[in-house]
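Take a look at the structure below.
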Amino acid sequence: MRKEILKSVKRVVIKIGSRVLTDADGALDLAVIGRICRDLAALHARHLQVVVVSSGAIAAGRSELGLTEKPRTIPHKQAAAAIGQSLLMRAYEEALEPHGLKAAQILLTSEDLVNRQRFLNARATMDALLGFGIIPVINENDTVVVDEIKFGDNDNLSALVTNVAEAHLLLILTDIEGFYSADPHHDPEARLIPLVKGITREVERAAGGADSTVGTGGMATKVAAAKKAGKNGVPTIMVDGKRDGIIAAALRGDEVGTLFLPAAVGLNRRKHWIAYTLKPSGRVMVDEGAREVLLKRGKSLLPSGVVRVEGRFDRGGCVRICGPDGVEFARGLSDYSSAETARLVGKKSSEIDDILGYHYGDVIIHRDNLVVL
Ligand SMILES: Nc1ncnc2c1ncn2[C@@H]1O[C@H](COP(=O)(O)OP(=O)(O)O)[C@@H](O)[C@H]1O
Ligand SMILES: N[C@@H](CCC(=O)OP(=O)(O)O)C(=O)O
């Protein structure tokens, strides 16, 4: 099955974790980076386009600063990232150079991907770089965005980048063989799971946090990334990035690590952006009838199905749609602001004009702007 999937892969996002890129002392592991770049060159020679999402800036900066512990305060993390990012890029440049290849640094913040214009600009830049035969090396712009360091992780970023780059595969290199039934660092009975057909609650439960002073997020964020990529129709393979020749083996279709199959029907790219890149700023609570028609009949959300509005959002803003149990089941862009929606709760569409004195349309959230999660 792997060989079949890999046949159609022309563009791949390779996410490389801090644990892979650093040695036991926490410094950049130049031998591993050299091996990875040799593998990237081999892919390049096969006309496979590669986009790298690389962690390791904070770890490299921390080692350079001589800090014995992972930086805890935001300014220290940012300082470490600022120092480490240039070391990281230099390591890639030097390791790619003997193969006649060049790297280009792209530092992104979540705002860059939330803003559709900037998202499309990032896509155009990536396309141009790949056209020149250059390898984009992406990281979060840790030095400027507090939010990124607090909540961001590169597993998530790599899943979003598969959408930006319109890639066909996400390959995650980490410090462990693949996804296990439990964290093997805590459970000696844990078994490697070579194939995950669907990311169920059980899979999510088995994925624990980071067990290291270096990595962020652990397996939980990797499984979440595989789920996001899968919703876009993109499979994820996760392997041990320290193993020599592992990238080539994974892309050849060898049974290494774990393959996460994508959802049968992927979201289109714009809907994926609505569901996973935008940050919702409010909640629209709907009644059972509205939930049924949104879930089962592919309808738009009408004001009559709305029971309450929480939070503040503008017209066009991204909102969570929650059922009577309070659980979010869909997400969408609202045609009306929170203040306007609050005035329309439970009303008929034909009443909108009378209530507001104007109307933008009959629905609160149009089906084209709505994604069931
Ligand atoms: N079910 C699981 N299978 C494999 N590893 C797991 C699992 N649950 C938690 N982990 C932990 O996730 C770690 C990898 O994540 P992390 O340290 O964030 O690495 P990276 O730097 O590559 O992002 C593993 O070393 C392991 O301790
Ligand atoms: N942007 C950070 C990495 C954040 C992160 O997610 O790290 P990891 O879990 O090792 O992929 C850095 O370059 O240090």
Side-chain angles (χ1 to χ4, degrees), residues 14-22 26 28-29 32 36 52-65 67 70-71 74 76-89 91-92 105-110 137-161 170-194 196 199 202-226 238-242 246 257-258 260:
I14 304 186
K15 186 267 168 171
I16 315 175
S18 310
R19 296 276 288 168
V20 177
L21 295 166
T22 49
L28 283 178
D29 189 335
V32 165
I36 289 174
V52 170
V53 174
S54 178
S55 301
I58 295 174
R62 164 190 155 187
S63 155
E64 186 72 3
L65 286 168
L67 301 175
K70 197 172 178 175
I74 299 290
H76 280 183
K77 281 183 186 171
Q78 293 183 319
I83 295 163
Q85 182 62 29
S86 58
L87 296 173
L88 189 62
M89 284 312 295
Y92 279 112
Q105 170 179 277
I106 301 185
L107 297 179
L108 292 174
T109 67
S110 66
V137 179
I138 301 172
N139 198 354
E140 284 181 306
N141 197 350
D142 292 322
T143 47
V144 294
V145 187
V146 173
D147 191 34
E148 288 305 292
I149 285 183
K150 267 169 122 179
F151 305 111
D153 65 81
N154 276 3
D155 299 316
N156 180 33
L157 176 61
S158 68
L160 300 178
V161 166
L170 172 61
L171 177 63
I172 298 183
L173 307 189
T174 184
D175 68 333
I176 197 155
E177 215 64 31
F179 171 66
Y180 283 73
S181 52
D183 185 348
H185 292 129
H186 297 300
D187 185 346
E189 309 268 279
R191 308 167 281 107
L192 178 68
I193 301 180
V196 175
I199 297 171
E202 201 189 351
V203 168
E204 286 172 333
R205 263 198 300 273
D211 191 25
S212 72
T213 49
V214 180
T216 312
M219 196 50 56
T221 51
K222 287 170 191 41
V223 165
M238 190 191 312
V239 291
D240 178 357
K242 291 259 188 205
I246 193 72
T258 302
F260 296 84

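Note that ligands are numbered from 1 as they come in the structure, with each ligand's atoms numbered from 1 the same way. Heads up: numbering here begins at 1 and tracks the sequence.
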Return a yes/no value for Ala206: is any of its N or O atoms, backbone included, closer than 3.5 angstrom to an N or O of ligand 1? yes

Evaluating non-hydrogen atoms only, which member of Leu157, Ile58, Asn154, Thr221 is closest to atom 6 (O) of ligand 2? Asn154

Heavy-atom nearest neighbour of atom 8 (P) of ligand 2 within options Ala59, Pro71, Ser55: Ser55

Looking only at distances, please establish whether an N/O atom of ligand 2 is found under 3.5 Å from an N/O atom of Gly17. no

Could you tell me if any non-hydrogen atom of Lys222 lies under 4.0 Å from any atom of ligand 1? yes

Strictly under 4.0 Å, does any heavy atom of Lys15 approach an atom of ligand 2? yes

Salt bridge check, Asp155 against Lys15: does any charged N sit closer than 4.0 Å to a carboxylate O? yes

Do Ile16 and ligand 2 have an N or O pair less than 3.5 Å apart? no

Considering distance alone, does some N or O of Ser18 sit under 3.5 Å from an N or O of ligand 1? yes

Could you tell me whether some N/O pair between Asp142 and ligand 2 is separated by less than 3.5 angstrom? yes

Heavy atoms only: which of Ile16, Asp175, Ile176 lies closest to atom 14 (C) of ligand 1? Asp175

With only distance considered, is Ser18 within less than 3.5 Å of ligand 2 through an N or O on each side? yes

Heavy-atom proximity to atom 7 (C) of ligand 1, picking from Arg205, Lys15, Glu177, Met219, points to Met219

